[in-house]
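Here's the structure, in structure tokens; my notes come after.
So you know, we letter chains A, B, ... as the sequences are listed, proteins then strands, and number each from 1.
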Amino acid sequence: MAPGTVQLNIFAWNQKLTKYVKEGQPEKTMQLFQQMQQEEISPNEFTFVPVINACAGLGALEDGRLVHEQLIQSGCKFDVFVGNSLVDMYAKCGSIEDAWRVFNKMPCQDVVTWNAMILGQVKCGQGQKALELFREMEQEGRVFDKMPSRNVVTWTAILLGYVKCGQGQKALDLFQEMKQEGVHPNAFTFVAVLNACASLVALEDGRCAHEQIIQSGCESDVFVGSSLVDMYAKCGSMEDAWKVFNKMRSRDVVTWTAILGGCAMHGHGKDALQHFERMCEEGVEPNDVTFVCLLSACSHAGLVDEGMHCYTSMITDYMISAKLEHYTCMVDLLGRAGHLQEAENMIMAMPFEPHVAPWMALLGACRIHGNVEMGERVAKQILELDPENSAGYVLLSNIYAAAGNMHLSKNVEQQRKERGVKKHPGRTWIEVNNEVHTFVVDDQDHPQMIEIRAELQRLSGLMHDAGYVPDTNFVLHDVEEEEKLFHLCHHSEKLAIALGLINTPPGTPLRIRKNLRVCEDCHTSVKFISKVVGRAIMVRDVNRFHHFEDGICSCMGYW
DNA sequence: CATTCATAAT
């Protein structure tokens, strides 16, 4: 063999290994690596990088360790690229300890090494640890007066970390800090920012991000476009979601699914069905998530026959097998429409381990239709599967209360307390003048509390005159009747609405977000409030949007 | 000759 031939060969092999990784075919990379070993081709450091990468892509920790061993035995140069691949691989495979071991062995770490560590921490939900690393990088940058030690990837990773653990506001604050440091956001960053806005129902921040997206030229990125559609839908503006959607030059299945999900959330069932047709006509193949959104849209609009048809079509025409989420949608669809027995049969026919989600959907339906007998049976199932499920107790208690059996209703609450199962505290958020405020029940802490109380008092009078009668069955605190009335006035959504009313000009629509479902009494109250103050009020609860206007809610009872 | 870190829908 002529000198140089081997080098040329290894180059070709390495290129092929890299090509497979880039194409998203890590299995092929591994196969090719096997073949190289069979043909006794000695690898170099350029060989190991794509192979380690492939292990990361496959989440194959054991293979990764073996390759790491081989790397050491091969005597190849252990440079920063190889080290970074290893850190990334261990972090992605969930072994942070191994990632740290490699990190500490590396003679010098660069920004990529740090980023891989931060992302590893974010991935396993260790947001705090990720932030510590991020701040540490800031220190190092100053102490050594090197090149900026953090780049746009670092910032984006931290933004994602915040969004992931429900700290959207901190993500938005950090986004400002990032720009002040002169780091330019890119498509990845904007996706994280839009996600934060969506999670907060921060429409104004979302619009602001949209403007920056246009300025930066990321507008045509399909990830950014899909995130914009999702953000606008989740912030209550389907009008803007459609505007973005219609302007997009290329739309993939995720884009379509995002708009269908928006239709579902807003109760636009017919729109969802119509655009699902259009999606198929345009040759975009729906997937399982697309059908979750479509079925949920049918459910939230009470389109039973259409939903049944979609479900059958999914299985027979698209060969997509029903997952837990699809069953849950179908139980919800049938249950809401009053087909309780069919819904229960559906759960019984599920080919999976029992799960609370479809049972909860059925229990909700039992509450809507006042079926005490089935409700008891279903609640029992739920509490066997998940004894900590406070919503199971609350719904059953509501079912008894609605049936007029206050004794049993109180018993259930009593049982819940005895077993130490805590209710999830209800919380409401509202964006007023670009600032998000949060409230819990009976909140006294807001700086404008005096004005809020006065506003509630005023509303109470107006609502009374309009014919509103409080429904005390849905206040399940262990309190006397007069006190109940007091509590009803102070559910967190009412506090938030009062704040919104006193801080915005007459006629301004209000947008609020809840972490739970709206209670029956609040739902009725908000209808009255929308009428007596002449405001559109949008409430996003855990399931969907309620658009209240002139005494009517868009959900038409389907929630 | 080349290689490493990041993104959307339930």
Side-chain angles (χ1 to χ4, degrees), chain A residues 4 7-8 10-19 21-22 43-54 56 76-77 79-89 91-92 99 102 106 109-120 122-123 150-161 163 185-195 198 218 221-231 233-234 241 244-245 248 251-265 279 284 286-297 323-326 328-329 357 543:
Chain A
Q7 282 295 4
L8 213 68
I10 188 71
F11 176 68
W13 282 98
N14 292 346
Q15 267 197 326
K16 215 166 177 185
L17 290 168
T18 306
K19 183 170 157 271
V21 173
K22 289 241 158 88
N44 63 15
E45 67 271 21
F46 293 100
T47 311
F48 282 106
V49 170
V51 173
I52 294 165
N53 231 317
C76 286
K77 201 169 87 186
D79 64 11
V80 70
F81 288 97
V82 174
N84 287 344
S85 310
L86 283 168
V87 169
D88 176 55
M89 182 274 292
K92 281 200 181 124
V102 177
M106 288 171 69
Q109 299 87 2
D110 65 5
V111 66
V112 176
T113 328
W114 284 87
N115 289 347
M117 277 320 302
I118 289 174
L119 285 159
V122 168
K123 193 184 177 231
R150 300 189 296 199
N151 63 14
V152 64
V153 179
T154 325
W155 284 93
T156 304
I158 284 295
L159 296 185
L160 278 173
V163 175
N186 61 18
F188 291 85
T189 322
F190 285 123
V191 166
V193 169
L194 292 172
N195 234 311
C218 291
D221 182 289
V222 67
F223 284 79
V224 172
S226 304
S227 299
L228 277 168
V229 168
D230 181 59
M231 180 278 291
K234 287 188 176 146
V244 172
F245 182 87
M248 282 174 75
R251 306 178 193 107
D252 63 12
V253 62
V254 179
T255 321
W256 282 95
T257 304
I259 197 82
L260 294 180
C263 293
M265 250 189 302
M279 166 187 172
V284 177
N287 63 22
D288 55 336
V289 183
T290 316
F291 278 101
V292 172
C293 294
L294 191 61
L295 295 174
S296 155
K323 296 201 306 186
L324 179 70
E325 292 84 348
H326 302 111
T328 305
C329 283
N543 282 326

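- Donor-acceptor pairing under 3.5 Å, judged by distance alone, is present between the side chain of Ser226(A) and the base of dA8(B).
- Contact annotation for Lys123(A): no contact, since no heavy-atom pair falls under 4.0 Å across all strands.
- Distance from the side chain of Val289(A) is smallest to dA9(B) among dA2(B), dA9(B), dA8(B).
- Residue Ala187(A) places its side chain closer to dT7(B) than to any other of dC5(B), dT7(B), dA9(B).
- In terms of modelled atom types and a separation under 3.5 Å, the side chain of His326(A) and the main chain of Asp288(A) share a donor-acceptor contact.
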ask   = How far apart are the C-alpha atoms of Met279(A) and Val253(A), what are their side-chain angles, what is the distance that settles it, and do they pass the side chain to side chain contact (heavy atoms under 4.5 Å, CB included) test?
value = CA-CA 8 Å; Met279(A) 166 187 172; Val253(A) 62; 3.9 Å; yes
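- Leu160(A) comes within 4.0 angstrom of sugar-phosphate atoms only, judged by non-hydrogen atoms across all strands, and of no base.
- Residue Asp110(A) places its side chain closer to dT4(B) than to any other of dA2(B), dT4(B), dA8(B).
- By the 5.5 angstrom centroid cut-off and the 30-degree plane limit, Phe223(A) is classified as stacked against the base of dT7(B).
- A donor and an acceptor atom never sit less than 3.5 Å apart when one is taken from the side chain of Asn115(A) and the other from the base of dA6(B).
- Within the 4.0 angstrom heavy-atom criterion, no nucleotide atom of any strand lies near Ala157(A).
- The side chain of Asp79(A) lies closest to dT3(B) when the candidates are dC5(B), dT3(B), dA8(B).
- Among the atoms of the strands shown, none is found under 4.0 Å from any heavy atom of Lys77(A).
- If you check every strand for non-hydrogen atoms under 4.0 Å, Asp88(A) touches sugar and phosphate atoms only.
- Protein atom NZ of Lys22(A) is 11 Å distant from nucleotide atom P of dA2(B), rounded to whole Å.
- The CZ atom of Arg150(A) sits 16 Å away from the C1' atom of dC5(B) (whole-angstrom rounding).
- Contact of Asn195(A) with dA8(B) (side chain to base): no donor-acceptor pair of N or O atoms is detected under 3.5 Å.
- Using a 4.0 Å heavy-atom cutoff across all strands shown, Asn53(A) reaches sugar-phosphate atoms only and no base atom.
- The distance between atom CE of Met231(A) and atom C1' of dT7(B), rounded to the nearest whole Å, is 15 Å.
- Taking CH2 of Trp256(A) as the reference point, atom CG of Leu294(A) lies at 12.5 Å (rounded to 0.5 Å).
- In this model, the phosphate group of dA8(B) is not approached by any side-chain N or O of Lys234(A) to a distance below 4.0 Å at OP1 or OP2.
- With hydrogens and angles disregarded, no donor-acceptor distance shorter than 3.5 Å links the side chain of Asp230(A) to the backbone of Ser226(A).
- When all heavy atoms of Val284(A) and Asp252(A) are compared, the closest pair comes out as CG1-C, 4.1 Å.
- Rounded to an integer number of Å, the gap from Leu159(A) CG to dT7(B) C1' is 12 Å.
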